[in-house]
Amino acid sequence: MDVFLYKSDPVRGQAWAEVFRRRAPHLDFRIWPDVGDPERVRFLAAWEPPADLATRFPRLEVLFSSGAGVDQFDFGALPPDLPVVRMVEPGIVRGMVEYVTHAVLALHRDMPQYRRQQREGVWKPLPVRTAGERRIGVLGLGSLGQAVLAQLVAMGFDCAGWSRSRRTVAGVATYAGAEEMDGFLARTEVLVCLLPLTGETRGFLDARLFGGLPRGAALVHAGRGPQLVEADLLAALESGQLAEAMVDVTDPEPLPASHPFWTHPRIQLTPHIASMTQPLTAAEAVIDNLRRLGSREPMVGLVDRARGY
Ligand code: NDP
Ligand code: OXD
């Protein structure tokens with residue numbers, strides 16, 4: 001029997017195993033390190049694959065990432081023709097929609113400022129603007145960015161999105177590529193980063209980008225830590241160019257105890273919890289991709305290694 005090997009959180013692996021027993025009984029689902037005969041391993045779902053993947057599992061056909069990101073993989077160390085598939089499943093999408101909606105609402109309704117006022121014993125109402133008067137911009141129009149925007153549009157926010165190639169998203173002003181970046185930034189009061197980490201997006205959230213936003217804008221960063229130039233964020237908050245930042249991803253994770261983000265009055269830090277793969281729906285999504293593979297349809301979330309996502 002062919003083996004589907006799972007190498008990620010073992011507790012969540014039990015939930016995957018249950019779904020595989022029901023939906024894919026023709027596969028021998030195993031949880032690392034219980035590999036069985038390495039010659040029988042055809043599929044691997046992992047966050048961190050073993051370094052000697054190619055020699056250890058000579059019949060491996062697909063590597064599934066157990067998360068949405070694939071930046072944790074060293075593509076150079078993987079067999080060049082091995083298909084790599086990122087996680088696209090409804091549970092991780094819902095989690096991100098919740099996180100970003102919460103962050104945008106908190107910023108829109110001045111909650112960080114009210115927290116500071118409360119600590120100082122200040123009772124001071126601020127003007128209330130409607131959602132339609134608040135301009136949100138989302139970097140990245142993939143499975144997460146588009147779902148987040150659908151929710152924000154439904155709540156009445158004035159929404160825009162930016163991606164590499166031209167995308168059409170209902171109710172959203174879309175911008176594409178470097179040449180349309182300035183227009184996108186100029187109209188964005190709350191900037192949400194949902195970009196994958198690639199050579200192009202490393203260090204992307206920098207002083208130049210912050211300078212393109214209207215003064216007093218806010219950042220919600222739920223992409224990847226190395227996309228943010230920390231010193232530039234601190235300077236933008238210091239100067240008032242940015243008013244607030246909600247940061248879910250850092251470099252490294254966790255930050256060292258002495259890091260200024262921990263205590264900064266205008267940074268709200270969360271420990272990379274914006275969203276998480278949900279095991280039951282993830283296993284269903286992977287089994288659906290195996291069905292696609294079997295019938296020679298393109299798998300959902302197939303990574304283009306040249307682009308890096
Ligand atoms: P997708 O691959 O579906 O979408 C990526 C989007 O980013 C696409 O719209 C793509 O453009 C755009 N993009 C990529 N590179 C560039 C670039 N150089 N310039 C402009 N646009 C670019 O990814 P997901 O939506 O599934 O996930 C996005 C990221 O979210 C993950 O890679 C991960 O880093 C992060 N994440 C964070 C989590 C957390 O808990 N904080 C949880 C899950 C994911 P195009 O449409 O043209 O291809
Ligand atoms: C992911 C993440 O990429 O949790 O899935 O960040």
Side-chain angles (χ1 to χ4, degrees), residues 8-9 12 45-48 64-73 75 84-103 137-151 160-169 172 174-185 191-206 209 219-228 245-251 253-254 268-279 281-282 285-286 298-309:
S8 199
D9 176 74
R12 295 204 244 165
W47 184 251
E48 288 174 341
F64 294 95
S65 172
S66 59
V70 290
D71 52 284
Q72 73 281 14
F73 294 160
F75 286 126
V84 177
V85 180
R86 66 200 164 77
M87 183 57 69
V88 182
E89 62 90 9
I92 200 168
V93 172
R94 268 196 301 273
M96 189 58 82
V97 169
E98 287 174 7
Y99 180 90
V100 175
T101 305
H102 165 267
V138 175
L139 292 168
L141 294 176
S143 56
L144 300 179
Q146 292 204 25
V148 158
L149 279 162
Q151 179 64 42
W162 182 79
S163 54
R164 194 147 96 140
S165 51
R166 171 87 43 212
R167 300 275 165 191
T168 304
V169 184
V172 176
T174 53
Y175 296 76
E179 55 289 355
E180 295 183 14
M181 183 50 130
D182 289 351
F184 167 78
L185 292 175
L191 181 70
V192 179
C193 180
L194 287 174
L195 290 169
L197 179 62
T198 65
E200 285 179 24
T201 66
R202 187 175 292 272
F204 189 72
L205 302 174
D206 65 359
L209 180 140
L219 171 69
V220 178
H221 184 26
R224 282 291 186 264
Q227 291 163 343
L228 175 64
M246 292 190 163
V247 176
D248 182 59
V249 285
T250 61
D251 183 25
E253 292 179 357
Q268 185 173 316
L269 199 57
T270 47
H272 199 143
I273 49 70
S275 193
M276 269 172 211
T277 301
Q278 297 301 317
T281 39
V286 166
M299 286 185 284
V300 176
L302 188 63
V303 169
D304 176 340
R305 289 213 205 175
R307 288 185 324 190
Y309 67 96

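Counting starts at 1 for both ligands and their atoms, in listed order.
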With heavy atoms of A222 as the reference, note each atom of ligand 1 found under 4.0 Å away. 35 (C), 36 (N), 37 (C), 38 (C), 39 (C), 41 (N)

Out of curiosity, is R86 lining ligand 1, as in a heavy atom under 4.0 Å away? yes

Could you list the atoms of ligand 2 found under 4.0 angstrom from a heavy atom of R224? 1 (C), 2 (C), 3 (O), 6 (O)

Is a side-chain N or O of E98 found less than 3.5 angstrom from the main chain of G95, in a donor-acceptor match? no

Mind listing the closest non-hydrogen atom pair of R202 and L197 along with its distance? NH2-CD2, 3.7 Å

Apply side chain to side chain donor-acceptor pair (under 3.5 Å) to residues Y99 and T270 and explain how you reach the verdict. CA-CA 10 Å; Y99 180 90; T270 47; 2.9 Å; yes

Number the atoms of ligand 2 from 1 as they appear, then name those within less than 4.0 Å of a heavy atom of S275, with their elements. 4 (O)

Report the part of R164 in contact with ligand 1, treating N, CA, C, O as backbone and CB onward as side chain, heavy atoms under 4.0 Å; options are side chain, backbone, both, neither. both

Between R167 and ligand 1, which residue portion shows a heavy-atom distance shorter than 4.0 Å: side chain, backbone, both, or neither? side chain

For atom 1 (C) of ligand 2, grab the closest protein heavy atom and report residue, atom and distance to one decimal in Å. A68 N, 3.4 Å

Would you mind listing which atoms of ligand 1 come within a distance below 4.0 Å of any non-hydrogen atom of G140? 6 (C), 7 (O), 9 (O)

At a 4.0 Å threshold, what atoms of ligand 1 neighbour a non-hydrogen atom of S143? 3 (O), 24 (P), 25 (O), 26 (O)

Atom 48 (O) of ligand 1: of Y309, Y99, Y175, the nearest heavy atom sits on Y309

Counting only heavy atoms closer than 4.0 Å, does ligand 2 sit against the backbone of E89, its side chain, both, or neither? neither

Backbone N/O of G177 and side chain of W162: donor-acceptor pair under 3.5 Å: yes

When you measure from the heavy atoms of R307 to every atom of ligand 1, does any distance fall below 4.0 Å? yes

Would you kindly specify which portion of H272 sits under 4.0 Å from ligand 2, judged on non-hydrogen atoms: side chain, backbone, both or neither? side chain

Verify, without hydrogens or angle tests, whether E180 (side chain) and A176 (backbone) share a donor-acceptor contact under 3.5 angstrom. yes

Looking only at distances, please establish whether an N/O atom of ligand 1 is found under 3.5 Å from an N/O atom of D71. no

Of all the atoms in ligand 1, which lie at a distance below 4.0 Å from a heavy atom belonging to A274? 39 (C), 40 (O), 41 (N)

Distance under 4.0 Å to a non-hydrogen atom of H272: what atoms of ligand 1 satisfy this? 39 (C), 40 (O), 41 (N)

Please check this pair: side chain of S275 against backbone of I92, looking for a donor-acceptor N/O pair closer than 3.5 Å. yes

Would you mind telling me if ligand 1 is within reach of the side chain of L195, the backbone, both or neither, using heavy atoms under 4.0 Å? both

The atoms of ligand 1 lying under 4.0 Å from a heavy atom of A68, numbered in the order shown, are 43 (C), 44 (C)

Looking only at distances, can you tell me whether any N or O atom of T198, backbone or side chain, sits closer than 3.5 Å to an N or O atom of ligand 1? no

So if I count the atoms of ligand 1 from 1 in the order they appear, which ones are less than 4.0 Å from some heavy atom of L194? 28 (C), 29 (C)

For ligand 1, the portion of V88 having any non-hydrogen atom under 4.0 Å away: neither

Is atom CD of E48 surrounded by more than 12 heavy atoms (other residues, nucleotides or ligands) closer than 6.0 Å? no

Any atoms of ligand 2 less than 4.0 Å from a non-hydrogen atom of I92? List them with their elements. 5 (O)

Below 3.5 Å, N or O to N or O, backbone or side chain included: is there any such pair between L144 and ligand 1? yes

Check: R224 main-chain N/O paired with Q227 side-chain donor or acceptor under 3.5 Å: yes

Restricting to non-hydrogen atoms, name the atom on Y309 and the atom on V70 that form the minimum distance, rounded to 0.1 Å. CA-CG2, 4.3 Å

Distance filter under 4.0 Å to G69 heavy atoms, resulting ligand 2 atoms: 1 (C), 3 (O)

So, T201 side chain and P196 main chain: donor-acceptor pair closer than 3.5 Å or not? yes

Residue and atom name of the nearest protein heavy atom (relative to atom 4 (O) of ligand 1), distance in Å to one decimal: G142 CA, 3.1 Å

Between L141 and Q146, which heavy-atom pair has the shortest distance, and what is it? O-NE2, 3.0 Å

Short N-O contact, E200 and R164, less than 4.0 angstrom: yes

Determine, using heavy atoms of W162 and all atoms of ligand 1, whether some pair is separated by less than 4.0 Å. yes

Is it true that a side-chain atom of R12 and a backbone atom of T277 form a donor plus acceptor pair closer than 3.5 Å? yes

V249 heavy atoms, cut-off 4.0 Å: which ligand 1 atoms fall inside? 41 (N)

Side chain, backbone, both or neither: which applies to A274 and ligand 2 if a contact is any heavy-atom pair less than 4.0 Å apart? neither

Are the side chain of D248 and the backbone N or O of H272 linked by a donor-acceptor pair below 3.5 Å? yes

Examine the proximity of ligand 2 to V249 and report which part, side chain or backbone, both or neither, has a heavy atom under 4.0 Å away. neither

Would you compute the distance between atom CZ of F64 and atom CE of M299 and round it to the nearest 0.5 angstrom? 5.5 Å

S143 and E89: side-chain contact (heavy atoms from CB on, under 4.5 Å), yes or no, with the steps? CA-CA 9 Å; S143 56; E89 62 90 9; over 6 Å; no

Measure from atom 35 (C) of ligand 1 to every heavy atom in S275, G223, G69, P196 and give the option owning the shortest one. G223

What verdict does the side-chain contact (heavy atoms from CB on, under 4.5 Å) test give for W47 and D9, after you've listed the backbone C-alpha separation in whole Å, the side-chain angles of each residue and the deciding distance to 0.1 Å? CA-CA 9 Å; W47 184 251; D9 176 74; over 6 Å; no

For L197, is at least one N or O under 3.5 Å away from an N or O on ligand 1? no

